[in-house]
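Report on the structure given below.
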Amino acid sequence: MSGNLNGRVALVTGASRGIGYFTALELAKMGAHVIACARTVGGLEDLDDAIKAVGGSATLVPFDLGDMAAIDSLGGAIFERWGKLDILVANAGVLGTISPIGHVEAKTFEKVMNVNVTATWRLIRSVDPLMQKSDQGRALLLTSSLAHKCKPFWAPYSASKAAVEALARTWAYESERLPLKIISVDPGATRTAMRAQAYPGEDPDTLPHPHDVAKVIAGLTGADMTETGKLYIVREKRFADYKLP
Ligand code: NAP
């Protein structure tokens with residue numbers, strides 16, 4: 001492989017399908033070794049085949065992000081093998097149900113918060129020391145416009161993505177003196193299983209393919225991405241500033 005990510009190690013969660021799958025493939029095309037996580041072994045194996053077909057390399061790590069001890073172990077395993085982590089794409093997420101806030105079942109709310117928020121924090125905790133060892137660390141946390149829009153019936157997902165952005169910003173401000181850059185990324189409406197679950201009547205052909213969205217996301221992991229603590233909006237191809245305290 002030849003690309004500007006040669007020698008870089010990248011961890012992508014939710015790599016079995018959708019945006020995560022194609023982002024992992026793009027990173028591998030750019031020369032990074034990809035550590036690909038998700039529960040669905042078949043999806044990870046398809047990704048591995050696709051990465052090998054373009055001359056790249058991957059390590060598959062099938063596990064459930066609800067398993068917090070496994071997230072802790074992952075950081076240790078990456079340290080043992082590579083001693084550092086250059087790129088994190090914290091992409092895995094779940095939608096939960098779309099219903100009035102008072103009708104959301106407790107187990108649904110807890111699952112959304114567990115996968116989208118608690119697992120993301122636990123992952124940050126697990127890999128932060130490894131990313132500090134990189135001379136060019138780049139962490140991208142996938143968010144949604146729902147973090148800000150707060151449309152009716154989207155409470156668990158909206159609340160979880162607002163929390164993800166708070167994690168990203170806090171981590172970024174704590175890392176300001178390091179080469180490590182940390183941003184939230186809003187991919188926008190994309191032709192994936194999650195989008196189809198949210199909008200079952202929508203014609204998927206009207207939406208951008210995850211391959212095209214992934215190219216933009218992967219392009220945010222190199223040395224030329226020097227922003228931190230910001231939100232990148234893929235659809236608008238621009239960074240949005242938060243109001244700083
Ligand atoms: P997707 O097609 O549903 O894929 C979600 C990924 O997350 C899958 O690889 C899934 O893998 C993984 N995942 C879910 N639960 C998991 C768990 N418990 N443990 C491990 N992995 C788990 O979703 P997507 O549309 O590509 O979304 C990717 C990210 O973009 C999400 O954070 C989403 O919120 C955000 N986003 C998407 C859109 C959109 O329009 N698609 C818009 C805005 C934001 P397994 O099922 O194999 O575990």
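Heads up: numbering here begins at 1 and tracks the sequence. Read the numbers this way: they start at 1 and go in the same order the structure lists the ligands and their atoms. Any value given below was found using the heavy atoms of this structure, including those in side chains, with hydrogens, waters and symmetry copies removed.
No more than 12 heavy atoms of other residues, nucleotides or ligands shown are found within 6.0 angstrom of NZ on Lys133.
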Using a 3.5 Å cut-off and no angle test, enumerate the donor-acceptor pairs between side-chain atoms of residues 73-83 and protein atoms at least two apart in sequence or in another chain.
from	atom 1	to	atom 2	distance (Å)
Ser73	OG	Ala69	O	3.0

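Other members of the cluster containing Ile98 are Leu95, Leu146, Phe153, Trp154, Tyr157, Met194, Tyr199, with ILVMFWY side chains joined at under 4.5 Å, either directly or via other members.
Sorted by first and then second residue, the side chain to side chain donor-acceptor pair (under 3.5 Å) pairs with a member in residues 179-195 read Arg195-Glu202; sequence neighbours excluded.
When the side chains of ILVMFWY residues are joined at heavy-atom separations under 4.5 Å, either directly or via intervening members, Leu167 and Leu142 end up in two distinct hydrophobic clusters.
Protein residues with a heavy atom closer than 4.0 Å to ligand 1 are Gly14, Ala15, Ser16, Arg17, Gly18, Ile19, Ala38, Arg39, Thr40, Phe63, Asp64, Leu65, Asn91, Ala92, Gly93, Val94, Val115, Leu142, Thr143, Ser144, Tyr157, Lys161, Pro187, Gly188, Ala189, Thr190, Thr192, Ala193, Met194, Arg195, listed by chain and number.
By the 4.0 Å N-to-carboxylate-O rule, Arg17 lies too far from Asp46 to be salt-bridged with it.
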